[in-house]
J.: 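There's a structure below that I have some questions on.
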Amino acid sequence: MAASPPLLRMEQIDKRFPGVHALKQVSFDLYAGEVHVLLGENGAGKSTLMKILSGSLPRDGGRIFIRSEEIKHLNPERSQALGIGMVYQEFSLVPSLSAAENIFLGHLPRNPLGMIDWAETHRRARKSLASLGVNFDPHTEVRQLSVAEQQLTEIARILAKEPQILLLDEPTSALSDTERETLFDIIRRLQARGVGIIYISHRLQEVQQVGQRVTVLRDGELIETLPVEKADTDTLINMMVGRRLTEQYPKSEVKIGDAVLRVEHLSSEDALHDLSFEVHRGEILGIFGLMGAGQTELAEVLFGLRPRSAGHIFIEGREAHIRRPAEAIRYGMGFLARDRRASLVPAQPIPPNITLADVSQVSPFRLLSLRDEVRTAGDFVRDLSIRPPILNRPVMYLSGGNQQKVCLARWLFSGAKILIVDEPTRGIDVGAKAEVFGLIDRLAQRGVAIIMISSEMPEVLAMADRTLVMHEGRFTAEYQRGEATQELLLKNASMS
Ligand SMILES: Nc1ncnc2c1ncn2[C@@H]1O[C@H](COP(=O)(O)OP(=O)(O)OP(=O)(O)O)[C@@H](O)[C@H]1O
Ligand SMILES: [Mg+2]
């Protein structure tokens, strides 16, 4: 590898945002045919480094060389012309256009008369989606696609441009195991063709699966670049957080009380079939299933985001009629959605994002003064170590993990009795994960009944007092804490 010069070399890249030194003299290189993994906690600067390379952010200092040629000025067009393609962490698709239009946006296939060739557009879109293992109709509007389908559309869109340098910013956080494997196959095929790939992920096991080298950033600083053979999980965690993590899953013994939520024979049009269960005060009920088993639909029905076709919901013994989220909130429910972008107001700073919600509808007389709002938010920011702790900056500038903490803070603030969390650690780093679990544990200690939906087995095994396994909209097994194993969970989640 050392024989030929690198495909890409970034030297001493520096970048500041108001109040944040996001990159401090970071150097990074990439060889043709290599997968170079970029790791770091939320806010470490990974996306910023990639955005500089894709031309969507200017750098304050440092030099960039592509195939040994120095590139002084980068903007998105230039970057693309140089063969750089980036799959953004927060997608850049146009929701109101079809998947096919998105994939070929800006270079739609045309017929000899110069008119857009729709048949060809759809044929090619279908083909590129199929190569990623998905078969939905490319006419579908992007806003109607699931998060995983959007992610794959985004990847198809970038691959259609045949990049020589491919930047993947957390491409697998929304994908199922099968979809992930398909993506890895594609990565290997691209590698064989000499494409260089920079791969950002919070899943440490992926480092060994796809990478050749790994670089760790912490607080904008380069910690080290290593071949993956030298990078076992413990070493990586150490480098990322700068300390040993004492407790990844802080779960305490909590006395479990009366049932707060009881669900009887709940069904919805297509996704849920005759579900009955209870959740108790102080209990963490894990719901495990593979992606698409109906867990998210269950959460949405409970929270009034999706209609039920049959069944009853009882809260503290009384039947609850929930048709809208505002009603669910009034009954004391909170919901941390899988897709946090749906629940944040991006252009608003942290305080209203915490106190807003339909919280005002819970108690119309509890009007918050602006000062109270800022004070409350300040407490949460400290408690949850939201970084950077700058209250007046729009939340869209927070890194993914820190946005997740803001969402969680909202439900802490609303004083929910029942909290549903759907994949609470999607896209967040090991340190933040431990913090989020610590919070969930603290809520349980305070008597909140928690429904924790997760497709991460270690999470469920470590945190849940009881676990229900879901498959095709039905419960297939129930385990008390300590009874379940990874094998049992998987077997019952994938009964065929
Ligand atoms: N456009 C922006 N304006 C102001 N600050 C920003 C902007 N983009 C990023 N930041 C800040 O720069 C730092 C690095 O953010 P970045 O998004 O690169 O982190 P990251 O490593 O990608 O984190 P994550 O794993 O959560 O995605 C953070 O403190 C973030 O709040
Ligand atoms: Mg990022």
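Whatever order the structure lists ligands and atoms in, that order sets their numbers, starting from 1. Hydrogens, waters and symmetry mates play no part in the numbers below; they use all other heavy atoms, side chains included.
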J.: Does ligand 1 have an atom that lies less than 4.0 angstrom from a heavy atom of M396?
T.: no

J.: The Mg ion (ligand 2): which protein N, O or S atoms are under 2.8 Å away?
T.: S47 OG, Q89 OE1

J.: Give me the atom names and distance for the closest heavy-atom approach of R78 to N75.
T.: N-OD1, 2.7 Å

J.: Side chain or backbone, does G45 bring an N or O within less than 3.5 Å of an N or O on ligand 1?
T.: yes

J.: When you look for heavy atoms under 4.0 Å from ligand 1, do you find them on the side chain of Y397, its backbone, both, or neither?
T.: both

J.: Is E170 close enough to touch ligand 1? Criterion: a residue heavy atom under 4.0 Å from a ligand atom.
T.: yes

J.: Mind checking whether G40 has an N or O less than 3.5 Å away from an N or O of ligand 1?
T.: no

J.: Within a distance under 4.0 Å of any heavy atom of E41, pick out the atoms of ligand 1 and give their elements.
T.: 21 (O)

J.: Could you state the interatomic distance from CG (L93) to CD (E141), rounded to the nearest 0.5 Å?
T.: 12.5 Å

J.: I want to confirm something. Looking only at heavy atoms, which of R393, Q403, R387, K46 is nearest to atom 21 (O) of ligand 1?
T.: K46

J.: What's the shortest distance from atom 9 (C) of ligand 1 to any protein heavy atom, and which residue and atom give it?
T.: F17 CE1, 3.4 Å

J.: Looking only at protein heavy atoms, identify the closest one to atom 22 (O) of ligand 1 and say how far it is in Å.
T.: S47 OG, 2.8 Å

J.: Does a salt bridge link R218 with E221, judged by any charged N lying under 4.0 Å from a carboxylate O?
T.: no

J.: Indicate yes or no: does an N/O atom of P388 lie under 3.5 Å from an N/O atom of ligand 1?
T.: no

J.: Consider only side-chain N and O atoms of S455 and E423, and report whether a donor and an acceptor are under 3.5 Å apart.
T.: yes

J.: Considering heavy atoms of the protein only, find what lies nearest to atom 14 (C) of ligand 1 and give residue, atom and distance to 0.1 Å.
T.: G43 O, 3.4 Å

J.: Assess the side chains of H21 and D219: does a donor N or O sit below 3.5 Å from an acceptor N or O?
T.: no

J.: Among all protein heavy atoms, pick the one closest to atom 27 (O) of ligand 1 and tell me residue, atom and distance.
T.: Q89 NE2, 2.8 Å

J.: For F380, check ring pair (Phe, Tyr, Trp, His ring centres under 6.0 Å) against everything at least two apart and list the hits.
T.: none

J.: For a side-chain hydrogen bond (donor to acceptor under 3.5 Å, both in side chains) check, start with the C-alpha distance between D29 and H36, then their side-chain angles and the critical distance, and finish with the verdict.
T.: CA-CA 8 Å; D29 61 9; H36 193 155; 4.6 Å; no

J.: Taking all non-hydrogen atoms of both residues into account, name the closest pair between S201 and E206 and its distance.
T.: OG-OE1, 2.9 Å

J.: Could you work out, with ring pair (Phe, Tyr, Trp, His ring centres under 6.0 Å) as the rule, every residue matching Y199, not counting sequence neighbours?
T.: none

J.: Using a 4.0 Å cut-off to any heavy atom of H202, which atoms of ligand 1 qualify?
T.: 25 (O)

J.: Judged by modelled atom types alone, do Q151 and E179 share a side-chain donor-acceptor pair under 3.5 Å?
T.: no

J.: Apply salt bridge (charged side-chain N to carboxylate O under 4.0 Å, His left out) to residues R338 and E300 and explain how you reach the verdict.
T.: CA-CA 11 Å; R338 170 187 300 248; E300 289 175 353; over 6 Å; no

J.: Consider ligand 1: state whether an atom of it lies below 4.0 angstrom from any non-hydrogen atom of D429.
T.: no

J.: Would you mind telling me if ligand 1 is within reach of the side chain of T48, the backbone, both or neither, using heavy atoms under 4.0 Å?
T.: both

J.: Taking all heavy atoms of L159 and all of I186, pick out the closest pair and write down the distance.
T.: CD1-CG2, 3.9 Å

J.: Considering only protein heavy atoms, which is closest to atom 26 (O) of ligand 1, and at what distance to one decimal place?
T.: N42 ND2, 2.7 Å

J.: Any salt bridge (charged side-chain N to carboxylate O under 4.0 Å, His left out) involving residues 390-405? Give me the pairs, sequence neighbours left out, ordered by first then second residue.
T.: K405-E435

J.: Looking only at non-hydrogen atoms, find the nearest pair between L108 and E101 and report the distance.
T.: CD2-CA, 4.3 Å

J.: Quick one: which ligand 1 atoms are inside 4.0 Å of a heavy atom on A22?
T.: 12 (O)

